[in-house]
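Structure first, then comments.
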Amino acid sequence: MMMMWHIDVWDPRGFHADFVATSDKTEIKTTEGPKLNGFAQSSPPRRLGPILKPGPPKLPSSRLRCCACPYSRVQPTRPKPHRRRRRCRRCRRRRRVRPCGNLGSSAASPSLRPRVLCGGLRDAPTGRRLRVELAMQAVGTAAAFSPAVTPSPARRRAVDSGRRFSRSCRSGRVSVSAAGYSQLEVRRVSYRPPGTEQNLLNEISLNLKEKSFGLLFGRSGSGKTTLLQLLAGLSEPTHGTICIQKYNDSGNPMGPPELLTAQRVGIVFQFPERFELPLSPLNTVLEEITFGWPRQNTDFLFREKLALKLQNAINSVVTNDYPSKVGLNGISLEEDPQSLSGGFKRRLALAIQLVQTPDLLLLDEPLAGLDWKARADVVNLLKDLKKDHTILAVSHDLRELYPLVDRSWRMEMGGVLKEEALSLQIKDGRRLQEVETDILCAANVGQ
Ligand SMILES: Nc1ncnc2c1ncn2[C@@H]1O[C@H](COP(=O)(O)OP(=O)(O)OP(=O)(O)O)[C@@H](O)[C@H]1O
């Protein structure tokens, strides 16, 4: 049986030869450039298979785009058609950290390059551009959009209060969420650690309305941190439920209670700075804050949402009319977290939790280990956070937190919780100090 091959040869010098080879002889059918007789004779074609495909396939231009930033083109040097996700050089280099901040704006100076967002915004609707611009400015980077977007007062109010800006907002009627309020409810919770015989917590019940500040105090070893861990979903109660119940204005429950899941809770442990990422050349404040963010999701809206959360966590809005939230706007997001002062490290820990926009923020000894100035700063910060968040703190610093407290409970030894209003104790001036001394003396005796 006679076999036949058709071979297309491209010489690097630009010569082209088209071979037709049969099992008994080889001949050049057509040539371009100088004759390749000698080449053909000295290098008889090897059996390469019945069909030799020419060169790499030309991909449609849409498939050459970077999957992280649509305004960069992937280098087409070594295309791998089987790879569905392809990144441009910049995104590949920064893969560990985040996608590049290509906004598709040629006016963006490299020094002001946004580090959080990517995606083309030039064609985005004005509302989205505005929100992203606010987020960019909040993280200390001025996005160079043209033309500049100036928010209307109604839009700014809506953005500031975290509501979506709808048509009704534009006409001056800002839509308000359904009336009523929600409340954290701990219902007869008991906890016994696995493998032990004794309950650490016994039939604990407490209610805390949204946007209020609750304080847990009590002697060391009474079980306050254990209760926080249950609320944060780090351990499961042996009995009882922890849920969020919605009520209407007249105080009647609206629908069944929702279980409080770990995703809805942020917890800042005692001395959170000790849990920061280990030292590395790439470690920055921004990395600390965005450490838990999903890396793979490149959806623009998703990233926009995260950026807005970051904006809310760090700084309310750009102008001075709005109060700063965590107050990290005084420092660069490129700074090494280890070089921050104690107060700023505490703020950073709060920002990390607030980015997740939790329903409930749990703080274990938020003032521990800080000097008087940093303590005053953190108290002011908590006062600010209370306007938007429900906070439950464990602390021995009753006098400093007293102005913030809406409800307070004393945890007694044996894991029994009793409500005890601080306002009653402040009446005779030194009473709070006595409570503190009592708690701290007990702690020292315990040690
Ligand atoms: N998994 C566990 N198994 C057994 N005992 C535990 C467990 N977890 C905590 N305990 C004990 O429960 C008690 C309460 O601990 P917890 O840390 O909740 O106290 P605390 O009131 O927060 O104290 P502090 O104010 O010093 O932080 C402690 O005696 C502790 O040893």
Side-chain angles (χ1 to χ4, degrees), residues 184 186-208 213-242 260 262 265-276 342 345-346 349-350 353 358 360-370 374-375 378-379 382 390-402 404-405 407-422 425 431-447:
L184 164 72
V186 178
R187 299 175 180 170
R188 305 185 69 159
V189 163
S190 301
Y191 178 65
R192 178 182 298 178
T196 60
E197 292 296 315
Q198 208 180 349
N199 278 2
L200 292 184
L201 302 176
N202 283 299
E203 301 256 331
I204 294 214
S205 297
L206 67 86
N207 299 331
L208 186 62
F213 191 101
L215 178 69
L216 289 173
F217 61 94
R219 293 190 174 182
S220 187
S222 54
K224 302 179 296 294
T225 307
T226 308
L227 177 56
L228 287 197
Q229 287 174 354
L230 290 183
L231 290 171
L234 299 176
S235 1
E236 287 279 313
T238 322
H239 290 293
T241 50
I242 301 171
L260 185 71
V265 183
I267 182 165
V268 180
F269 293 103
Q270 196 171 1
F271 304 116
E273 51 277 9
R274 293 181 190 168
F275 303 103
E276 280 168 7
K345 281 182 182 169
R346 214 50 68 87
L350 280 167
Q353 293 305 321
L360 174 67
L361 183 61
L362 303 172
L363 309 175
D364 195 357
E365 296 290 354
L367 305 183
L370 298 179
R375 289 161 82 93
V378 173
V379 169
L382 293 179
T390 313
I391 302 175
L392 183 63
V394 165
S395 183
H396 294 140
D397 304 292
L398 308 188
R399 273 173 301 166
E400 277 153 302
L401 294 177
Y402 166 71
L404 309 180
V405 174
R407 295 188 74 175
S408 53
W409 297 268
R410 181 195 281 267
M411 183 72 86
E412 297 191 335
M413 294 307 279
V416 178
L417 194 71
K418 287 193 177 152
E419 183 153 12
E420 192 171 314
L422 293 182
Q425 295 163 356
R431 182 76 175 93
L432 267 184
Q433 195 174 353
E434 283 166 23
V435 175
E436 276 184 355
T437 317
D438 171 42
I439 293 168
L440 292 174
C441 286
N444 290 336
V445 169
Q447 285 166 5

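Remember, it's 1-based here, ligands and their atoms both numbered in the order they're listed.
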Would you list the atom pairs, donor with acceptor, under 3.5 Å between side chains in residues 200-207 and any protein atom, with sequence neighbours excluded?
{"from": "Asn202", "atom 1": "OD1", "to": "Asn199", "atom 2": "ND2", "distance (Å)": "3.1"}
{"from": "Asn202", "atom 1": "ND2", "to": "Gly414", "atom 2": "O", "distance (Å)": "2.8"}
{"from": "Glu203", "atom 1": "OE1", "to": "Arg188", "atom 2": "NE", "distance (Å)": "3.0"}
{"from": "Glu203", "atom 1": "OE1", "to": "Arg188", "atom 2": "NH2", "distance (Å)": "2.8"}
{"from": "Ser205", "atom 1": "OG", "to": "Arg188", "atom 2": "N", "distance (Å)": "3.1"}

> Is the backbone of His239 close enough, under 3.5 Å, to the side chain of Ser190 for a donor and an acceptor to pair up by distance?
Replying inline: no

> For atom 22 (O) of ligand 1, what is the nearest protein heavy atom, given as residue, atom name and distance?
Replying inline: Thr225 OG1, 2.5 Å

>> Show the nearest heavy-atom pair for residues Tyr191 and Pro237, with the distance to one decimal.
In response: CD1-CA, 4.3 Å

> With a cut-off of 4.0 Å, which atoms of ligand 1 are near a heavy atom of Arg219?
Replying inline: 21 (O)

>> What protein heavy atom lies closest to atom 4 (C) of ligand 1? Include the residue and the distance to one decimal.
In response: Pro193 CG, 3.8 Å

>> Just to confirm my output: which protein heavy-atom neighbour is closest to atom 18 (O) of ligand 1, and how far is it?
In response: Thr226 OG1, 2.5 Å

> For Gly223, is at least one N or O under 3.5 Å away from an N or O on ligand 1?
Replying inline: yes

>> Please report whether atom 15 (O) of ligand 1 has a protein non-hydrogen atom at a separation of less than 4.0 Å.
In response: yes

> When you measure from atom 25 (O) of ligand 1 to every protein heavy atom, which one gives the shortest distance, and what is it?
Replying inline: Lys224 NZ, 3.0 Å

>> Quick test: of every protein heavy atom, which one is nearest to atom 28 (C) of ligand 1, and how far off is it to 0.1 Å?
In response: Gly221 O, 4.0 Å

>> Looking at every heavy atom in both Glu420 and Arg410, which two are closest together, and how far apart are they?
In response: OE1-NE, 2.8 Å

>> If I compare all heavy atoms of Ser408 with all of Phe217, which pair ends up nearest, and what's the gap?
In response: CB-CE2, 4.1 Å

> Do you see a protein non-hydrogen atom under 4.0 Å from atom 30 (C) of ligand 1?
Replying inline: no

>> Give me the nearest non-hydrogen protein atom to atom 8 (N) of ligand 1 as residue plus atom name, then the distance to 0.1 Å.
In response: Leu200 CD1, 3.8 Å

>> Once side chain to side chain contact (heavy atoms under 4.5 Å, CB included) is applied, do any residues pair with Glu365, and if so which ones, sequence neighbours excluded?
In response: Gln270, Ala368, Val394, Ser395, His396, Asp397

> Short question: side chain of Lys224, backbone of Gly218 - any donor-acceptor pair under 3.5 Å?
Replying inline: yes

> So which heavy atom on Val189 is nearest to which on Thr241, and how close?
Replying inline: CG2-O, 3.7 Å

>> Could you identify the single nearest non-hydrogen protein atom to atom 26 (O) of ligand 1 and state the distance to 0.1 Å?
In response: Ser220 OG, 2.4 Å

